[in-house]
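Structure first, commentary second.
In this chain, residues are counted from 1 in sequence order. Worth knowing before you read on, the calculation uses all heavy atoms, side chains too, and leaves out hydrogens, waters and symmetry mates.
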Amino acid sequence: MKRRPITYDAVRRLGLALPGVEEGTSYGCPALKVRGKAIVCLHREEDKIVLNVPFDQREELMAADPETYFITDHYRDYPGVLVSLAKVHPDAVPGLLKMAYRAATAGKKRGA
C-alpha cells in the first residue's frame, strides 16, 4: 500500500507540541520558531520544508537518503536542509523536528 505524503499542517502540529515553539514566518513563508529562531519553514514550492540543522547532521541526512534530504545552491552555506514531504517517512518527522529544536536551543538556559 502506498503511503500518503506528510503535509506541512501535520509537521506544524508536531512542531507546536515542542516547548516554546510558536508559529511565525520566514521570508514570507509559514514557519515554526523557538525564541525567535526558525526550526522549520514551508518552502515556497510547498512540497518541501526547510529544516534548520547543523552542517554535520545535514551531511549525514543527505548521505543516507539524497532523494529525501538535499540542498540547492541557495542553501549551500546555510545550516539547513530541504526535505521532500512526498518522500520523507512520517515517522521520521518528530525526530527531525527535535533535531532542529535542539540545534536552535543549544547552549541556551531556560528563561534566558
Side-chain angles (χ1 to χ4, degrees):
M1 178 191 293
K2 188 171 179 175
R3 162 179 95 231
R4 294 172 84 184
I6 192 163
T7 63
Y8 180 73
D9 191 52
V11 171
R12 181 185 142 285
R13 284 193 309 272
L14 290 165
L16 287 172
L18 295 169
V21 172
E22 300 176 339
E23 291 186 86
T25 60
S26 180
Y27 299 99
C29 295
L32 298 179
K33 298 181 176 187
V34 61
R35 298 185 190 123
K37 187 170 183 177
I39 59 172
V40 66
C41 68
L42 182 63
H43 190 268
R44 68 183 176 278
E45 293 177 14
E46 297 189 7
D47 63 342
K48 302 172 197 61
I49 55 174
V50 181
L51 189 72
N52 291 330
V53 295
F55 289 106
D56 60 334
Q57 291 175 320
R58 174 178 86 177
E59 296 304 317
E60 288 175 19
L61 289 169
M62 292 189 317
D65 187 353
E67 289 187 17
T68 302
Y69 309 102
F70 56 96
I71 58 171
T72 61
D73 285 342
H74 176 78
Y75 294 99
R76 188 161 316 284
D77 297 323
Y78 180 74
V81 66
L82 291 162
V83 181
S84 169
L85 293 175
K87 296 188 184 289
V88 69
H89 196 287
D91 293 345
V93 174
L96 293 168
L97 290 169
K98 287 177 185 172
M99 179 189 305
Y101 180 87
R102 282 190 301 271
T105 58
K108 307 253 181 170
K109 293 182 181 177
R110 289 185 183 243

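Applying side-chain contact (heavy atoms from CB on, under 4.5 Å) to V81 and the options E59, Q57, M62, E60 leaves one that passes, M62.
The minimum heavy-atom distance between Y8 and L85, with the atom names listed, is N-CD1, 4.0 Å. Contact record, Y101 with P19: OH-O, 2.7 Å, taken as the closest heavy-atom pair. Taking all atoms of both residues into account, the shortest heavy-atom contact from P5 to A86 is CB-CA, 3.7 Å. For H43 against C29, the heavy-atom pair with the smallest separation is C-SG, 4.5 Å. What you find for K48 and L82 is that their closest heavy atoms are CD-CD2, 4.4 Å. Taking all atoms of both residues into account, the shortest heavy-atom contact from V93 to V11 is CG1-CG2, 4.1 Å.
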Notebook entry, point to check: Could you go step by step and tell me if N52 and I39 meet the side chain to side chain contact (heavy atoms under 4.5 Å, CB included) rule?
Noted result: CA-CA 5 Å; N52 291 330; I39 59 172; 5.5 Å; no
Notebook entry, point to check: Are L51 and V40 close enough, and set up right, to give a side chain to side chain contact (heavy atoms under 4.5 Å, CB included), and what steps lead you there?
Noted result: CA-CA 5 Å; L51 189 72; V40 66; 4.2 Å; yes
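When side chains are defined from C-beta on, V88 counts as touching L96, because their heavy atoms get closer than 4.5 Å.
Two different hydrophobic clusters hold M99 and F55 under the rule that ILVMFWY side chains link at heavy-atom gaps under 4.5 Å.
Taking CD1 from I71 and CG from L61, the interatomic distance works out to 12.0 Å, rounded to the nearest 0.5 Å. The CD atom of E45 sits 10.5 Å away from the OG atom of S84 when rounded to the nearest 0.5 Å. With values rounded to the nearest 0.5 angstrom, L32 atom CG is found 9.0 Å from L18 atom CG. Here CD1 of I6 is found 15.5 Å from NZ of K87. Values are rounded to the nearest 0.5 Å.
By the neighbour-count criterion of 12 heavy atoms within 6.0 Å, atom CG of D56 is densely surrounded, having more than that number from other residues, nucleotides or ligands. No more than 12 heavy atoms of other residues, nucleotides or ligands shown are found within 6.0 angstrom of CD on E67.
Using modelled atom types, no side-chain atom of Y27 and backbone atom of R44 make a donor-acceptor pair closer than 3.5 Å. Proximity of a side-chain donor or acceptor of K33 to a complementary backbone N or O of T25 within less than 3.5 Å is detected. Within the 3.5 Å criterion, the main-chain N or O of A10 finds a donor-acceptor partner in the side chain of T7.
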